[in-house]
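In what follows, a structure is listed as structure tokens, so that the remarks can point back to it.
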2 protein chains.
Amino acid sequence: MSNTASNPSTPRAAAPPARARNRRSGSQLSPETIIEASLRIAARGSADAFTVRRLGEELGADPTAVYRHFRDKDDLLLEVADRTLGEVLDSIPEGLGWQDRIRALADGSLAVALKYPAVASAMASRTTRRANEFRVVELILGAVTEAGLTGAEAAVHYRMVGDSLLALVGQRAAYLLFSAEARAADEASWTREYRLVDPVAFPQITAVAEELAQVTQDGVYRARVEALITAIERRAAELAA
Amino acid sequence: MSNTASNPSTPRAAAPPARARNRRSGSQLSPETIIEASLRIAARGSADAFTVRRLGEELGADPTAVYRHFRDKDDLLLEVADRTLGEVLDSIPEGLGWQDRIRALADGSLAVALKYPAVASAMASRTTRRANEFRVVELILGAVTEAGLTGAEAAVHYRMVGDSLLALVGQRAAYLLFSAEARAADEASWTREYRLVDPVAFPQITAVAEELAQVTQDGVYRARVEALITAIERRAAELAA
DNA sequence: ACCTGAACACCGTTCAAGT
DNA sequence: ACCTGAACACCGTTCAAGT
């Protein structure tokens, strides 16, 4: 499956080049059109989906035209990532208790990360410092405050939740970007290699080899999200005592 | 600060090329010498420290010679990463209770990740499927079993701990690889931007802006590690009841 | 059996030249 | 004021040629 073939908006047989198709006739580029094009190519989901050259193709412009509107690719990435944070925020219902708000944030973040894996993977250790990030910080702080944490305790637990969720969905996104062979090798280790270890040297692995093979990504995800909630509950209870 | 200048083993003035210096006269490359050279360059800590071309320089050989001993760079990376896991395991003392074994694993992993940031950053979403990884799995499974979890519960909580620690130290390593400007921008957001938000739109941020600026990486690290331990304790208590 | 080095197909980015 | 396109300094990797 080639990249162009997997792009439904670029039929292979069409004679006129992609630039003629995508270019709004006579229109100029703008930060907005560039961000939208970035989201479209990032949503294609392959590891090399989000490159400056591919962005040029999508825009029907020379790749370097992007540098007239963004300082560099990182600047654009942060802007694009902040848009995806907007999608996450829009997916969170009103009226939930603090635990369910964190669960909804986690679920929404995962869905968006799997939709734009190249962006989520690149952002796993980053911060956008843009509008929607402030809204996410406000949301998490509201949750930990409602849980009963204040001041420095609220601050450090916000960071715990924020950094952990970023890492969690970033890992899932990165996994999606791996080649099929790499994913197969990874899965095979659980279903095959871990069942064949030396039982004397590795008694613990031997004892749960079957169960290790049956762990799902969703199960791990759930455990990691609940661990954050549990930790906040425990700390709030300690402080209340 | 140029890359060559920051490499203490390659004095700039020396007339004979680096290859003459590092090459053991008449010796051939081997997987072992390549892995050791990889660890040396990864320990230099810059983002581009671990490239095939730089590895060639370090070995005093043509970069492509590496492909005679490893299928590709990823294959070498997994081998190198497994060596660093060995360093982590060697750092864990005997005779600790399960909580302290997890804390020691986390501390050791962080230290090694900060020593070889390019490796830790690349491994954040990976699995080595090699000897030392089995030992780490055995260690974590031993801890969660001692905590009182069995079967599927032990398996999923092992994955929770393993994936979380990998992500945590990977994030710290990636942060170390950022350019000085990127790190400065990141830190400035906490010490400056978060103190200037609109108090009406962002009451929670306003309330703890001071404390947010004072959160340290070590504080977040501690909270994230303790959250894992707390979650295991809680689950074990639920199952015992 | 292993190493070399040219070459390929990529990256992000700069800059002089166009309009 | 904005876009183009050649060019630069990188990547990982392949392959024919050397020894």
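Values reported hereafter were calculated over all heavy atoms of this structure, with side chains retained and with hydrogens, waters and symmetry mates removed. Below, chains carry the letters A, B, ... as their sequence lines are ordered, and counting in each starts from 1.
With respect to A/Ser38, the side chain to side chain contact (heavy atoms under 4.5 Å, CB included) criterion is satisfied by exactly one of A/Leu77, A/Val119, A/Leu55, A/Val52: A/Leu55.
The CG atom of B/Leu76 sits 11 Å away from the P atom of D/dG12 (whole-angstrom rounding). Taking atom CZ on A/Phe70 and atom P on D/dC3, their separation rounds to 12 Å, with Å as the unit. Spacing between atom CG of A/Leu77 and atom P of C/dG12 amounts to 11 Å, rounded to whole angstrom units. In this entry the distance linking CD of A/Glu57 with P of D/dC3 reads 18 Å, nearest Å. C/dC2 atom P lies 16 Å from atom CD of B/Glu32, rounded to whole Å. Atom CD of B/Gln28 is separated from atom P of C/dT4 by 10 Å (rounded to the nearest Å). Atoms CG (A/Asp48) and P (C/dC10) sit 9 Å apart, rounded to a whole Å. Taking atom CG of residue B/Asp72 and atom C1' of nucleotide C/dC10, one finds them 16 Å apart after rounding to whole Å.
Of the listed nucleotides (C/dT13, C/dC3, D/dC3), D/dC3 has the atom at the smallest distance from the side chain of A/Leu29.
Under the ring-ring contact (aromatic ring centres under 6.0 Å, His included) criterion, A/Tyr194 pairs with A/Trp190, B/Phe134, not counting sequence neighbours. Scanning for side chain to side chain donor-acceptor pair (under 3.5 Å) contacts around B/Tyr67 gives an empty result, with sequence neighbours left out. Under the side chain to side chain contact (heavy atoms under 4.5 Å, CB included) criterion, A/Ala47 pairs with A/Leu177, sequence neighbours left out. When the side chain to side chain contact (heavy atoms under 4.5 Å, CB included) test is applied to A/Ala131, the partners found at least two apart in sequence or on another chain are A/Asp82. For A/Arg130, the side chain to side chain donor-acceptor pair (under 3.5 Å) criterion is met by A/Asp75, A/Glu79, not counting sequence neighbours. Taking the side chain to side chain contact (heavy atoms under 4.5 Å, CB included) definition, one finds that A/Glu32 meets it with A/Ser30, A/Glu36, A/Arg83, sequence neighbours left out. In this structure, the side chain to side chain donor-acceptor pair (under 3.5 Å) partners of B/Glu187, at least two apart in sequence or on a different chain, are B/Tyr175.
Both A/Pro63 and A/Arg53 sit near DNA chain D, but only A/Pro63 has its closest nucleotide nearer the 5' end.
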For nucleotides 14-16 of chain C, list the nitrogen or oxygen atoms of the protein found under 3.5 Å from its nitrogen or oxygen atoms, one pair per line.
none

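Pairs of Watson-Crick or G-U wobble type, with distances under 3.5 Å, assemble into runs of 3 or more in DNA chain C at these ranges: C:4-8 with D:12-16, C:12-16 with D:4-8.
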Does B/Arg68 form a side-chain contact (heavy atoms from CB on, under 4.5 Å) with B/Leu29? I'd like the steps, not just the answer. CA-CA 9 Å; B/Arg68 241 51 55 196; B/Leu29 297 180; over 6 Å; no
